[in-house]
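Working notes, structure below.
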Amino acid sequence: MSTHILSYLFTDFLRVLKMKTNKDLYRIAFLTVDWNYELVEKTLHGLKQYTEDHPNVQICVFDCFGKDLGNEKDRSEYAIFGLPDLEQFDGLLVQANQIVLRQARQNVEKAITDAGIPAVSIGCELAGCAMVYFDNEKAQYAMAEHMIREHGARRLVYLTGIMDNECPEGHQRLDGFMAACRDNRIPEENVEVIRCTWRTADGINVGKMWLREKYPLPDAFVCANDEMAIGLMATLQEGGVHIPGQVLISGFDNLNSAELSSPRLSTVHADNCRMDYYAADVLMKIIRGEEDRTVFPFSFELICSESCGCHNTPRSSMIRDLYFQQTRFLQNFYIQQDQMAEDLFEASDLQDLLLIISRNNRIFGCDKIYPCVNQYYFNNYDKSLWPDKAKHFDTTMALPNPDGNDPEFILFPTSNLLPDSVMQREHFLMFYPLHYSTYSIGYIALNGICTAAKLNLHESIFNFLEIAFENVRKKCLLQTLNDTLDDLYVHDALTGLYNRFGLSRFGQQFYDNLLAAEGSVQILFIDLDNMKSINDKHGHEAGDQALKETADLLRSAASPDAFIMRYGGDEFILIDTGRNEVLPEKLQASVKEYNQSSGMPYHLGLSLGVIKSDAAERRPISDCIKAADALMYEIKEKKKTGRR
């Protein structure tokens, strides 16, 4: 027995002593990877059934679509394993035989050690865990021996699973196959092992190679899983090979596709639904101090059928029922997907997008969807404003209010997973990561099992949502940038007042609206006196400051909604209601007060040309500006004459 397993009971004896044995609610975390959607989907139903049978148990599933493909995008999926604070849970279940990424397994083992909670690994050994498993080696031995003894196979080819990671299933199944060959005196030269990676494409490639190179067919191909077996069988059949007449084929796992294949695939069956239900029950007994074993075997069954020459044919009615159900499901799914796509890509901003997602629960096949977004993502569309490590979850999440009350969106601590009101009423929750490329968006929680998982379509839904998030982020960021550029286009950079482009775009409309609403308008053409002297004596920075101070004086003296612009250089235009008759005097008084209190080494002086217009005149704004400019020039000349 592994020392990893033995360490489970002896590393934290005090933990068991202080454990409560009668709680209102036990919280269990479950970590898994959606490596094979069909097996995982069955597993999840077993756990959900456990919560329905045990109302005092809550199971939170942390699932992802991570693979070991050597790229950061796939590896970033595993961030979901870091989401739960395991110290807040009473126990942990780990579908360890699905976690093929070595670093992810090591991180899980460390988290278990740090949390110090009871843990059960499903499928294979994991440090710090008890183990529920079925014997892969024994099962593969039984299938290979069946081929040899019952069907006389003497030349065999074996397609392995992944052999170079921490998951032992590939090695165990190969060991079982080789032991069966040795025990049944199959010569070594009659046995060929081809290293593969569990995927359907592996079986297809082996079949193509056999046909292309015209290799002699063995008596039997024994495959480490159904997916490779089905790919191999279909390829050989396309090449004219008769199965089982010319070669026998077997798989492992008893997927639906194995049951529906023609010929029906011989395989190994383990009831994943029942096994994970059993694992949850084992964990609860350990938590309550009722179980001191560390290894819990689970039974398997050989399905010997047509592909190996046995005569266990599938029921045609079952095939028709499955075909009908899948066809109807796909029709409804694509209708729902099209509607969701239309809604998502019409979303105006992130808040709108989150509300749309939370309303599209039907496509997931659950009652509630809780889309949780990192606060930094929720607040800023610009990635440059995010923290350096945006691959991880923020400490605070934003979520559409699940109770439908005000406020429309709420913030809550990420360590809570969801708001307390949700956690108290939901007994089965599934958490999936949301990320675009390698940076984190947040996560989505479902209060049920996604029905699209049956056909491996839920991953496509999440990919679609992640693209929608990125689309909205970029759209809103572009709009913000356009608004900024537009604002810069019509405003003077130094003073913040409108410029001549602003006058062209907004000045005429403002003038017309004011005439219609107030009946009269006054236009002030303003020149800042002695601007050259200020620049020459005190420098251009002082000149710039004088212009900004003048702009502030114009704003404070004018009506709140007046149109004010820097016409150019040291000249300004102010358009205001004609009812504000004291505006020129008020402006000059503001300048006098500024000069008395500013402490600046220069004094401001303004020359004003004022023109009034009423609705009856219908005088063009351009004529008014010219007239006001002329008056201002006369006043400025009089000032110069007076100083001579």
Side-chain angles (χ1 to χ4, degrees), residues 2-20 23 25-33 47 57-64 66 75-132 165-167 279-280 282-289 291-292 294-295 374 387 389 391-397 412-418 423 429-433 440 443 445:
S2 167
T3 55
H4 288 323
I5 297 176
L6 287 173
S7 68
Y8 167 75
L9 291 177
F10 299 102
T11 54
D12 197 3
F13 177 72
L14 291 178
R15 179 189 66 214
V16 178
L17 293 181
K18 69 181 181 180
M19 201 166 294
K20 296 180 181 179
K23 293 181 61 174
L25 182 68
Y26 291 92
R27 299 186 69 205
I28 294 175
F30 176 61
L31 307 183
T32 190
V33 179
L47 296 177
V57 175
Q58 179 191 61
I59 296 181
C60 294
V61 177
F62 300 90
D63 193 5
C64 68
R75 292 168 185 266
S76 63
E77 286 276 336
Y78 290 96
I80 197 70
F81 288 176
L83 176 61
D85 177 2
L86 294 183
E87 292 184 6
Q88 296 185 18
F89 288 84
D90 298 293
L92 174 69
L93 291 169
V94 185
Q95 193 79 44
N97 61 334
Q98 299 284 356
I99 305 174
V100 298
L101 183 66
R102 179 177 288 108
Q103 186 60 54
R105 292 173 63 85
Q106 293 172 349
N107 291 343
V108 169
E109 289 175 336
K110 183 179 185 304
I112 294 170
T113 302
D114 292 346
I117 61 173
V120 171
S121 170
I122 301 168
C124 66
E125 294 180 8
L126 197 67
C129 296
M131 180 172 66
V132 171
N165 59 34
E166 298 295 324
C167 187
V282 166
L283 178 60
M284 285 300 300
K285 288 178 180 178
I286 294 174
I287 291 171
R288 293 193 295 260
E291 181 62 79
D292 59 3
T294 59
V295 179
N374 294 319
K389 294 184 178 180
K391 295 181 181 180
H392 307 292
F393 301 111
D394 201 353
T395 56
T396 303
M397 288 286 156
F412 66 92
T414 307
S415 58
N416 291 359
L417 300 178
L418 287 170
M423 296 301 293
L429 288 163
M430 298 194 60
F431 295 84
Y432 291 92
S440 172
Y443 54 87

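Counting only distance, with no hydrogens or angles, the side chain of E87 and the backbone of G116 share no donor-acceptor pair below 3.5 Å.
Counting only N and O atoms by type, the side chains of T414 and D394 include no donor and acceptor under 3.5 Å apart.
Pairing each heavy atom of L283 with each of P118, the nearest pair is CD1-O, 3.7 Å. Across all non-hydrogen atoms, the minimal contact from L418 to A445 is CD1-CB, 3.9 Å. Nearest heavy atom pair, residue L86 against residue A29, reads CD2-CB, 4.1 Å. For E125 against R105, the heavy-atom pair with the smallest separation is O-NH2, 3.3 Å. Scanning both residues, G128 and I112, for their nearest heavy atoms gives O-CG2, 3.9 Å. Shortest non-hydrogen contact noted between A104 and I99 is CB-CG2, 3.8 Å.
Atoms SG and CE, from C60 and M430 in turn, are 11.0 Å apart once rounded to the nearest 0.5 Å. Annotation: the span from I287 atom CD1 to R27 atom CZ amounts to 12.0 Å, rounded to 0.5 Å. Atom OG1 of T32 sits about 12.5 Å away from atom CD1 of I80, to the nearest 0.5 Å. Taking CG of L92 as the reference point, atom SG of C129 lies at 6.5 Å (rounded to 0.5 Å). The line from CG of D292 to CD1 of I286 is 9.5 Å long, rounded to the nearest 0.5 Å. From L25, atom CG reaches atom CG of D90 across 7.5 Å, with rounding to the nearest 0.5 Å.
Every residue was checked against the side chain to side chain contact (heavy atoms under 4.5 Å, CB included) condition with T113, not counting sequence neighbours, and none meets it. Residues forming a side-chain hydrogen bond (donor to acceptor under 3.5 Å, both in side chains) with Q103 (at least two apart in sequence, or on another chain): N107. Every residue two or more places apart in sequence or in another chain that forms a side chain to side chain contact (heavy atoms under 4.5 Å, CB included) with N97 is listed here: Q95, C124, C167, E169. Remark: K110 engages D114 in a side chain to side chain contact (heavy atoms under 4.5 Å, CB included) (not counting sequence neighbours). D85 meets the salt bridge (charged side-chain N to carboxylate O under 4.0 Å, His left out) test with no other residue; sequence neighbours excluded. By the ring pair (Phe, Tyr, Trp, His ring centres under 6.0 Å) test, F30 pairs with no residue at all, sequence neighbours left out.
Using a 4.5 Å cut-off on side-chain heavy atoms (C-beta onward), I59 and F89 make no contact. Residues T294 and M131 are not in side-chain contact: their nearest non-hydrogen atoms beyond the backbone lie 4.5 Å or more apart. In this structure the side chain of H392 never reaches within 4.5 angstrom of the side chain of S440, judged on heavy atoms. Side-chain contact check for L93 versus V132: every heavy-atom pair is 4.5 Å or farther apart. With contacts defined as side-chain heavy-atom distances shorter than 4.5 Å, the pair N416/M423 does not qualify. By the 4.5 Å heavy-atom criterion applied to side chains, Y78 and V33 are counted as neighbours. Counting heavy atoms from C-beta on, the side chains of Y432 and Y443 never come closer than 4.5 Å.
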(request) Determine, step by step, whether Y26 and Q58 satisfy the side-chain contact (heavy atoms from CB on, under 4.5 Å) criterion, reporting the C-alpha distance in whole Å, the side-chain angles of both residues, the deciding distance to 0.1 Å, and the verdict. (result) CA-CA 6 Å; Y26 291 92; Q58 179 191 61; over 6 Å; no

(request) Might you work through the side-chain contact (heavy atoms from CB on, under 4.5 Å) test for I28 and M284, ending with a clear yes or no? (result) CA-CA 9 Å; I28 294 175; M284 285 300 300; 3.8 Å; yes

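Taking the six-membered ring where the residue is Trp, F62 and F431 present parallel rings, their angle staying beneath 30° rather than reaching 60°.
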